[in-house]
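This report refers to the structure that appears directly beneath it.
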Amino acid sequence: MKKIPENYKIVLPPDRIQTRVRELGVKISEDLRGQSPIVVGVLKGACIFLADLVRAMEVPVEIDFAQISSYGDETRSTGRIKVLKDISTPIAGRHVLVVEDIIDTGRTLHYYLSELQLRNPASLRLAALINKPERQEYTPTIDYLGFTIDSGFLVGYGLDFAGMWRDLPGVYEVVEGQPKGHSPKARGHE
Ligand code: PRP
């Protein structure tokens, strides 16, 4: 067992996440029955969720990854988005499922979903483990949502604090000791 700091309060226990991920996997498989979708994980945070989700899906999948950085701050409502790594799989005419760990401001997906749509996929769906409406500027349609968590600095199950804690099997809120003035990213990353 990993030692978890005392100021980390459990928000989503591992078994609750696993149950929900299995439900989402079943629903996605029903919707994409007979298809072989391309599952696109948004690095790095989505890696854990994606790994569990594709194993809960009954349809065969291809997997690809993108990495996107956003440099937003409170004085720049639009932020700047940069694709650090794009998917390498052609998606025209294919069913695509984008997988995210968390939707915070919504900037990342607002940008990247539009990019993917320009490539004419047969369909473009979104699975997100957590939607966090508190500071949302763009709210994409979330076809498969794990949980809504209103606020808080979250770590675990892919979510990091200064690059650490993604490996925790549950999601925790850091109840004190968060980085000060952390709003380069709304969740305090980077
Ligand atoms: C996080 C998260 C999403 C994005 C959501 O990624 O994984 O991709 O932020 O934020 P937004 O809705 O405000 O755009 P981050 O850029 O922190 O990188 P990481 O996944 O490597 O931690």
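Order of appearance sets the numbers: ligands from 1, and atoms from 1 within every ligand. Remember, predicted model here, so these are calculated numbers, not experimental data. The basis for the numbers below is simple: all heavy atoms, side chains too, and nothing from hydrogens, waters or symmetry mates.
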Q. Can you tell me if R166 has a non-hydrogen atom under 4.0 Å from ligand 1?
A. yes
Q. Out of curiosity, is G106 lining ligand 1, as in a heavy atom under 4.0 Å away?
A. yes
Atom indices of ligand 1, in the order listed, that fall short of 4.0 Å to a heavy atom of [X]:
X    : value
L43  : 20 (O), 21 (O)
G45  : 19 (P), 20 (O)
T105 : 11 (P), 12 (O), 13 (O), 14 (O)
D101 : 2 (C), 3 (C), 7 (O)

(Q) Ring centres under 6.0 Å, that's the criterion: do W165 and Y172 meet it? (A) no
(Q) I need the single residue from D143, I38, L109 that forms a side chain to side chain contact (heavy atoms under 4.5 Å, CB included) with V98. Which is it? (A) L109
Q: Run the numbers on V155 and Y8 for side-chain contact (heavy atoms from CB on, under 4.5 Å), then give the verdict.
A: CA-CA 8 Å; V155 297; Y8 285 19; 3.6 Å; yes
Q: Using a 4.0 Å heavy-atom cut-off, say whether R135 meets ligand 1 through its side chain, its backbone, both or neither.
A: neither
Q: Using a 4.0 Å heavy-atom cut-off, say whether D104 meets ligand 1 through its side chain, its backbone, both or neither.
A: both
Q: Find out if a path of hydrophobic residues (ILVMFWY) with successive side-chain heavy-atom gaps under 4.5 Å connects L32 to V26.
A: no
[X] versus [Y]: any side-chain heavy-atom pair under 4.5 Å?
X    : Y    : value
D150 : K132 : no
I28  : L97  : yes
V40  : E62  : no

Q | Option with minimal heavy-atom separation from atom 5 (C) of ligand 1, where the choices are N131, I102, I130 | A | I102
Q. Between the candidates Q136, Q67, E100, which shows the shortest non-hydrogen contact distance to atom 8 (O) of ligand 1?
A. E100
Q.
With a 6.0 Å cut-off (strictly less than), is the heavy-atom count around CD of E30, excluding the residue itself, greater than 12?
A. yes
(Q) Please check whether I103 reaches ligand 1 - meaning an N/O of the residue sits under 3.5 Å from an N/O of the ligand, judged on distance alone. (A) no
